[in-house]
Every structure is written in structure tokens, then in C-alpha cells.
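Remember, predicted model here, so these are calculated numbers, not experimental data.
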Amino acid sequence: MEAGALIIIFALLVLFAFLGLGAWATVKAVGAAKRGVDRTITQARRTVEDTALRAKSFGQVGVAGTLAQLRLDLRTSMRATQQALYQGVQADASLKESIGLFERLSAHGYELDDELKRLEQEPDRARTGAMLPELRERTAKITEAADSLRWAARDRARRFAEDDLSALSAQIEVESGALRDWSRESVDDLAAAAAAWDAQQPPAGRAASAGPSGPAARTPEPQAALNPTPPQSGYPWQKAPRPETTT
């Protein structure tokens, strides 16, 4: 009974563990999907706002058109800098400090953008028009700082790419020279190899003079063939040999 109870408890624990893991995975998937939807909605809203600001900056004159142009310049500069820094930090970790500075700058950018957005709905155009020089100055300061960070990050990435390309080109030149040296032997190496081979060979005259006098020069007598030729007959006055008689 105790063994059966332990088995049941263990099975229940495993079942609860699987159920908990499934619930956790479901929550994570729902959260990821929600974040994806929120990101899509934010991007769509941003695109609509940028299109509306661009239309206002071209279609309206006076205070309304100036405010729309200031917001458009501010948002374009901040977005381009954010994209450059967050993409560059994946390859260059030293940009983390620049990202920290950009986040502090973004706080001022959000504050200015909200103020410009409120002033678009302000009915007192005269008072808003009096604030335009100060708003232009603040917008210029923020956009210049953002542009400075963006171009510094791009120049750094381009410099690293040029240095890497220069080092790679030098390595390729060295490797190409090594391949050319290995693909053919020099004339001096071939001449040295030929001289060494000639030195190992015996002189031709000595070999020819020692050949006939040596014992190895004697040619062995050829063996008799299976059907030897009959001996030549002697002179005409010689009698033929008598055949051997068998008794």
C-alpha cells in the first residue's frame, strides 16, 4: 500500500509539474503576442502621426505649420539616432554609454514633443507665436545633440570597417604571394636538384671500360632447345657414323 501511495503521489507531482510548465508557456506566448500587437499598434500610430505632421507642415502656414515642422524634425532626428545606436551596440559594446546619454536626451525630447502637441490645440495663436523662438532653440539643441551622437556612432562603425578591410587586404596580399611562390619552383632550385642527381650517377667511361674485362661480362651459354638442330655433316670423304645397335 505504501509503495502504491508513493507512486500515485509521484505521478500527481509530475502531472502538476507539466500543467504548471504548460501554463507558464501559455502565459509567455500570450505576453509575447501582446507585446507584438502593442508594438505594431505603436508603429502604426507613429506612422499616422508623422504623415499628419508632414501634411500640416506643407499644407498650413503660420504658427500651426511651424509647430508641425518642429515636431516632425524632432521626431525624425530622435528616431534615426535611436535606430543607429541600438543597432550599433550589437557589434560595438562601447555604445552602451552613448545609449545612456541618448535616453537622458530622449526625456527632454518627449517633454518638448508633448509641449508642441499641446500648443497645436492652443487657441491663442499670438501667445503661441511669441513662444516660437524659444521652441525653435530647444528643438535645435535636442536635434543637434541627437545628430551628433548618430553621426559619431556611424563614423566609428565606418572607421572599424575600414580598419578591418585594410587588415584583410594585407592578409590577402601576403597569402597571394605565398601561393605564387608555392605554385612554381625557382630556376636555382631546379639546377641544384639536377646537379645532385648527376653527382649520384657513376661515370659513363669507367662503366664502359670495366664491363668486358670483368667476370660478370661473360655471357652464359644458352641452354639447348627442346628440338636441337642435327649436327652438320662432315666432309664428303668422311664416312657416316654407324648407328648404335642394341642387342
Side-chain angles (χ1 to χ4, degrees), residues 28-167:
K28 294 290 289 184
V30 171
K34 184 177 182 300
R35 287 192 297 272
V37 172
D38 294 341
R39 191 182 303 109
T40 303
I41 293 175
T42 302
Q43 291 177 354
R45 185 184 298 115
R46 185 181 301 165
T47 302
V48 172
E49 290 180 355
D50 290 346
T51 304
L53 290 174
R54 191 172 290 106
K56 289 180 181 180
S57 63
F58 285 106
Q60 296 182 2
V61 295
V63 176
T66 303
L67 292 175
Q69 186 63 48
L70 290 177
R71 288 190 66 195
L72 186 62
D73 294 341
L74 178 64
R75 293 161 67 93
T76 302
S77 177
M78 297 296 288
R79 188 177 302 119
T81 303
Q82 181 182 18
Q83 183 178 5
L85 292 178
Y86 280 89
Q87 287 181 353
V89 75
Q90 298 178 2
D92 187 4
S94 62
L95 292 179
K96 290 182 179 179
E97 184 176 356
S98 300
I99 290 178
L101 295 175
F102 174 75
E103 290 177 353
R104 293 174 55 187
L105 182 65
S106 297
H108 295 278
Y110 288 136
E111 182 181 356
L112 177 59
D113 186 68
D114 292 339
E115 185 175 355
L116 293 173
K117 188 176 182 180
R118 287 194 304 268
L119 291 175
E120 286 179 349
Q121 308 299 327
E122 177 62 42
D124 191 354
R125 294 300 182 185
R127 187 179 180 86
T128 304
M131 298 175 59
L132 286 179
E134 188 267 337
L135 294 174
R136 287 195 185 95
E137 184 179 358
R138 288 174 58 188
T139 304
K141 285 183 178 180
I142 295 176
T143 54
E144 286 176 2
D147 294 343
S148 178
L149 282 175
R150 182 175 68 255
W151 285 110
R154 290 178 177 175
D155 292 342
R156 181 181 178 86
R158 183 167 55 253
R159 179 61 181 273
F160 284 164
E162 291 176 356
D163 292 343
D164 184 68
L165 180 59
S166 299

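- The CD atom of E120 lies 11.0 Å from the OG1 atom of T66; values are rounded to the nearest 0.5 Å.
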Could you list the donor-acceptor pairs under 3.5 angstrom formed by side chains in residues 142-149, with sequence neighbours left out?
residue: T143; atom: OG1; partner: T139; partner atom: O; Å: 2.8
residue: T143; atom: OG1; partner: A140; partner atom: O; Å: 3.1
residue: D147; atom: OD1; partner: S77; partner atom: OG; Å: 2.8
residue: D147; atom: OD1; partner: R150; partner atom: NH1; Å: 2.9
residue: D147; atom: OD1; partner: R150; partner atom: NH2; Å: 2.7

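- For D155, the salt bridge (Lys or Arg N to Asp or Glu O under 4.0 Å) test picks out R158, with sequence neighbours left out.
- To the nearest 0.5 Å, the span separating CD on Q69 from CG on L116 amounts to 11.5 Å.
- Legend: residues meeting salt bridge (Lys or Arg N to Asp or Glu O under 4.0 Å) with D113, ordered by chain and number and at least two apart, are R71, R75.
- The pair R118-E122 does not count as a salt bridge, with every side-chain nitrogen at least 4.0 angstrom from each carboxylate oxygen.
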Give every donor-acceptor pair under 3.5 Å between a side-chain atom in residues 96-110 and any protein atom, sequence neighbours left out.
residue: E103; atom: OE2; partner: Y86; partner atom: OH; Å: 3.1
residue: S106; atom: OG; partner: F102; partner atom: O; Å: 2.8

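- By the 6.0 Å contact criterion, CZ on R127 is open, its count of non-hydrogen atoms from other residues, nucleotides or ligands being 12 or less.
- To the nearest 0.5 Å, atoms CZ (R154) and CD (Q87) are separated by 9.5 Å.
- Considering only residues two or more places apart in sequence or on other chains, R156 meets the salt bridge (Lys or Arg N to Asp or Glu O under 4.0 Å) condition with D92.
- Annotation for L85 and A153: closest pair CD2-CB, 3.8 Å, computed over non-hydrogen atoms.
- Interatomic distance, CD of E115 versus CG of L67, reported as 10.0 Å (0.5 Å rounding).
- Separation of atoms CG (L135) and OG1 (T128) is listed at 8.5 Å; rounding is to 0.5 Å.
- Qualifying salt bridge (Lys or Arg N to Asp or Glu O under 4.0 Å) partners for K141, counting only residues two or more places apart in sequence or in other chains: E137.
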